[in-house]
Amino acid sequence: DAGITQSPRYKITETGRQVTLMCHQTWSHSYMFWYRQDLGHGLRLIYYSAAADITDKGEVPDGYVVSRSKTENFPLTLESATRSQTSVYFCASRVAGGLSYEQYFGPGTRLTVT
Amino acid sequence: QQQVKQSPQSLIVQKGGISIINCAYENTAFDYFPWYQQFPGKGPALLIAIRPDVSEKKEGRFTISFNKSAKQFSLHIMDSQPGDSATYFCAVMEYGNKLVFGAGTILRVKS
């Protein structure tokens with residue numbers, strides 16, 4: 001039972017390059033989320049998706065693009081990476097409805113933009 | 001955009017002591033207030049959560065106290081252990097089923 005996985009775990013890229021971070025979950029959770037974690041800012045929501053083909057912006061969406069063609073995958077693309085996008089990125093998922101709003105987080109991707 | 005203010009930024013507690021972390025939110029939030037725990041190199045994981053229809057929830061050594069009128073809630077860790085050393089995040093549920101997180105508290109429990 002793999003749960004939720006992210007790849008790559010570490011990535012170094014140059015300013016201006018496009019980079020895609022992958023997120024895959026095996027639970028068939030409806031909701032998926034992308035956060036970035038920076039010291040002093042906690043976790044900030046970039047984009048989220050309530051279901052396949054439904055995505056919406058979070059608090060800090062500028063410079064990022066997402067898609068969700070399949071329920072289990074939610075890739076995050078930095079179209080033209082900037083140094084300010086150096087961060088640790090976490091993907092999360094949760095079920096829709098029910099009594100629990102618990103989000104399950106992946107292990108994170110540490111991205112460095114040089 | 002919901003604002004969540006978490007304090008302190010860092011905390012050092014002796015083994016066996018009580019760790020207290022506080023959070024305050026500004027706007028009317030939905031009915032879910034969780035605390036997440038994160039160990040170095042790992043993703044956050046749900047520790048405990050509360051709904052506003054109760055003022056306190058306890059799970060083992062971890063207790064959430066909730067004050068709806070003051071828009072504040074806190075995490076108490078009783079008998080703190082070195083294994084509790086981690087970063088703790090409070091969060092509030094916002095419209096659209098989104099969580100807004102506090103900035104985090106780095107807890108170190110000295111043995």
Side-chain angles (χ1 to χ4, degrees), chain A residues 2-7 9-10 21 23-25 29-51 54-62 66 74 87-110, chain B residues 1-10 21-27 29-54 57 59 62 64 75 86-107:
Chain A
I4 183 164
T5 56
Q6 294 183 235
S7 61
R9 294 294 314 279
Y10 303 91
L21 310 184
C23 179
H24 176 78
Q25 50 106 356
H29 285 171
S30 295
Y31 280 92
M32 295 189 75
F33 307 84
W34 273 108
Y35 295 91
R36 60 178 291 173
Q37 182 175 15
D38 305 287
L39 196 63
H41 292 278
L43 294 152
R44 292 182 291 176
L45 183 64
I46 304 171
Y47 269 96
Y48 70 106
S49 169
I54 301 175
T55 62
D56 206 348
K57 296 178 180 179
E59 180 186 356
V60 289
D62 292 345
V66 294
F74 191 37
S87 186
V88 181
Y89 291 84
F90 287 100
C91 177
S93 70
R94 75 165 179 88
V95 298
L99 297 177
S100 174
Y101 294 114
E102 179 176 1
Q103 292 188 15
Y104 297 84
F105 284 79
T109 294
R110 182 175 293 275
Chain B
Q1 173 68 43
Q2 180 75 256
Q3 295 290 327
V4 179
K5 296 184 178 180
Q6 183 174 342
S7 62
Q9 286 184 303
S10 63
I21 306 171
N22 301 298
C23 270
Y25 60 97
E26 295 182 349
N27 302 322
F30 269 23
D31 59 350
Y32 180 68
F33 300 86
W35 285 91
Y36 278 77
Q37 180 187 55
Q38 183 183 30
F39 294 105
K42 305 292 185 182
L46 180 66
L47 180 64
I48 186 173
I50 196 169
R51 308 263 179 171
D53 53 343
V54 296
K57 181 177 181 179
E59 290 185 357
F62 301 92
I64 298 180
L75 175 69
T87 300
Y88 294 82
F89 295 98
C90 62
V92 300
M93 179 72 76
E94 196 178 51
Y95 178 77
N97 288 317
K98 298 178 289 184
L99 285 178
V100 179
F101 286 87
T105 297
I106 300 172
L107 171 65

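Proteins come first, then strands; the chains are lettered A, B, ... in the order of their sequence lines, and each starts at number 1. These numbers come from a predicted model, not from an experiment.
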Give, as side chain, backbone, both or neither, the part of B/Q9 having an atom under 4.5 angstrom from any heavy atom of chain A. neither
Rounded at 0.5 Å granularity, tell me how far OG1 in B/T87 sits from CD in A/Q37. 7.0 Å
Give, as side chain, backbone, both or neither, the part of A/R110 having an atom under 4.5 angstrom from any heavy atom of chain B. neither
Answer with side chain, backbone, both or neither: which region of A/R44 has an atom nearer than 4.5 Å to a non-hydrogen atom of chain B? neither
Measure the CZ-CG distance between A/F33 and B/N97 for me, rounded to the nearest 0.5 Å. 7.0 Å
Checking heavy atoms, do the side chain of A/L45, its backbone, both or neither come under 4.5 Å from chain B? side chain
Just wondering, more than 12 heavy atoms not from A/L39 lying within 6.0 Å of its CG? no
In this structure, CZ of B/F101 is separated from OH of A/Y35 (nearest 0.5 Å) by 4.5 Å
Considering only heavy atoms and a distance below 4.5 Å, find which of B/G104, B/P44, B/G43 pairs most often with chain A. B/P44
Nearest atoms (heavy-atom pairs only) where B/A103 meets A/G40: CB-O, 3.6 Å
Between A/Q103 and B/Y36 the two heavy atoms that sit nearest each other are N-OH, 2.9 Å
Using atom types as modelled and distance alone, determine if a side-chain donor or acceptor of A/Y101 lies under 3.5 Å from a backbone N or O of B/P34. no
